[in-house]
Amino acid sequence: MLKSCDKLAFTNNNMQEFFILLSGFALGFFYFKMNEKKISQKNIKENIIVSEDLIISEKKVLDQIPNQIIIINKEKNIIFANKSAEERFEKNIKQKHIAEVVRRPEFLEAIDNVLRNNISTVIKTEIKNPTYQVYESYIFPSPQFFLGVKYSVFILMRDLTDVYKIQQLKSDFVANVSHELRTPLQTIKLGLETISQGHGKDDEEAKKNFLPLMHQESIRMENLVNDLLTLSKIEQQEHIRPSQKINLQEIIEYVQKFYQESLLKKNINLIINLDTDNANVTGDKDKLIEIFSNLISNSIKYSDAKKNIYISSNKKTNDRLEIQIKDEGIGIPQEALPRISERFFRVDADRSKKVGGTGLGLAIVKHLIKQHRGEFKIQSTLGAGTEVTILLPTYSEH
Ligand code: ADP
């Protein structure tokens, strides 16, 4: 009993202490909790400030990147587009659904794959409207919190349109060259088969017909190979600006001599009227010969007999000389003029081939004039004639 009383007494004494302790502890705990709440509120507040700063700097960084960057939320609405994406697609694409900007099914599927399965994808994305564009798109999940948004999809697009266009040009060019070479080769092959085998073997008439044709076709092939080599050489040297002092009168007279036979054959007059005091240009002799050869030979090729070709010059400014080559030939239809200096473009392919044309002459002229830092213009009236105007830098001693 005593034991229990003692125990009770002990308990009673200590109960008081216990309650004091408990209330102290409760107070302490309450105070701690209060402070803890304050601390966490402070932290949250600081976090928000830090996050806003972070978002601004994240956006700034993304705006500096030349690739197109679009970030979308779970609903596939655009929450951010960097400057480059806005310039490429449209201003204010934010809040639009991504399908309104890029409509390709494979692109949208890749986004679904990120959202559903967290799988990143790299895909080729072709956009056909308003112009043809090709991108390599990297589609992947953003970090959990990015630009202040939980779960978003990051789309980085690398523009490969120029690369694809160059590849396309290259393969078109190879296809064109093969086609251009194949036709004369086939004629030569057929001619050789006819006069060396079967009935044509002893047929003098067949030989008479085929030999000149084969000769003409082999010249065409040679012209084509020469023009192709010239073009590739020009392309390699396009950045090197010619610097010699060249007298155009001499160049044109040299070319005139070269075409004397063709001019006489067609009874065409070449009338040269240059301002001899101002005939010096800054250029490259061989390249200027190539330019005037192509232009004069075109005027001869595409003119009927007994016509005139006029070459005149006119000093435009102190540093530019304008030269005109005007013929009274068949002319060029207006709709063909914008494409006239494209490789292998011809108004009438049969006529061009018959006169030994390769379809590369004006492309060569355009490149060479560009290399001289000059200008090239062509005007024409169908049935009346063509006028080519070129501007070349004049030569100055200083
Ligand atoms: P080609 O070797 O066929 O003459 P070019 O590149 O020199 O190739 O010229 C391209 C086409 O432009 C020619 O096929 C021809 O149809 C047209 N052309 C060029 N010059 C003249 C001209 N002076 N008169 C009429 N047509 C021309």
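Only this structure's heavy atoms are used, side chains among them; waters, hydrogens and symmetry mates stay out. As the structure lists them, so they are numbered: ligands from 1, and atoms in each ligand from 1.
Using 4.0 Å as the threshold, G359 has a heavy atom nearer than that to some atom of ligand 1. Distances from ligand 1 to the non-hydrogen atoms of R351 include no value under 4.0 Å. Taking a 4.0 Å cut-off on heavy atoms, N294 fails to register as neighbouring ligand 1.
Protein heavy atom closest to atom 17 (C) of ligand 1, with residue, atom name and distance, is I340 CD1, 3.8 Å. Residue, atom and distance of the protein heavy atom nearest to atom 26 (N) of ligand 1 are I332 CG1, 3.3 Å. With respect to atom 4 (O) of ligand 1, the closest heavy atom belonging to the protein is Y302 OH, 2.7 Å. Scanning all protein heavy atoms for the shortest distance to atom 16 (O) of ligand 1 gives V347 N, 3.0 Å. Here the protein heavy atom with the shortest distance to atom 5 (P) of ligand 1 is L362 N, 3.6 Å. Nearest non-hydrogen protein atom to atom 3 (O) of ligand 1 is S352 OG, 2.6 Å. Scanning all protein heavy atoms for the shortest distance to atom 20 (N) of ligand 1 gives N298 ND2, 3.3 Å. The single protein non-hydrogen atom nearest to atom 23 (N) of ligand 1 is D327 OD2, 2.9 Å, given as residue, atom name and distance.
No more than 12 heavy-atom neighbours from other residues, nucleotides or ligands sit within 6.0 angstrom of NZ on K370.
Atoms of ligand 1 lying under 4.0 Å from any heavy atom of L360, numbered from 1 in the order shown and given with element: 6 (O), 8 (O). Of all atoms in ligand 1, listed by their number and element, those nearer than 4.0 Å to a heavy atom of F345 are 10 (C), 11 (C). Against a heavy-atom cut-off of under 4.0 Å, G331 is close to the following atoms of ligand 1: 25 (C). Taking a cut-off of under 4.0 Å to the non-hydrogen atoms of T358, the atoms of ligand 1 that pass are 1 (P), 2 (O). Applying the 4.0 Å criterion to heavy atoms of K301 picks out, from ligand 1, the atoms 1 (P), 2 (O), 4 (O).
The closest donor-acceptor contact from the side chain of N269 to the backbone of I271 lies at 3.5 Å or more, if one exists at all. The backbone N or O of K354 sits nowhere less than 3.5 Å from a side-chain atom of R220 that would complete a donor-acceptor pair. Between the T282 side chain and the T394 main chain, a donor and an acceptor come within less than 3.5 Å of each other. Side-chain atoms of S313 come within 3.5 Å of backbone atoms of D275 as a donor-acceptor pair (strictly under, hydrogens ignored).
Inspection of the Q168 and D172 side chains reveals an N or O donor paired with an N or O acceptor under 3.5 Å.
In this structure, Q324 and N314 have side chains that are not in contact, with every pair of non-hydrogen atoms separated by 4.5 Å or more. Counting heavy atoms from C-beta on, the side chains of R104 and Y135 never come closer than 4.5 Å. Under the 4.5 Å side-chain criterion, counting only non-hydrogen atoms from C-beta, R343 is in contact with L231.
We find that E204 and K207 are joined by a salt bridge, their nearest charged nitrogen and carboxylate oxygen being less than 4.0 Å apart.
Residue G361 has at least one N or O atom closer than 3.5 Å to an N or O atom of ligand 1.
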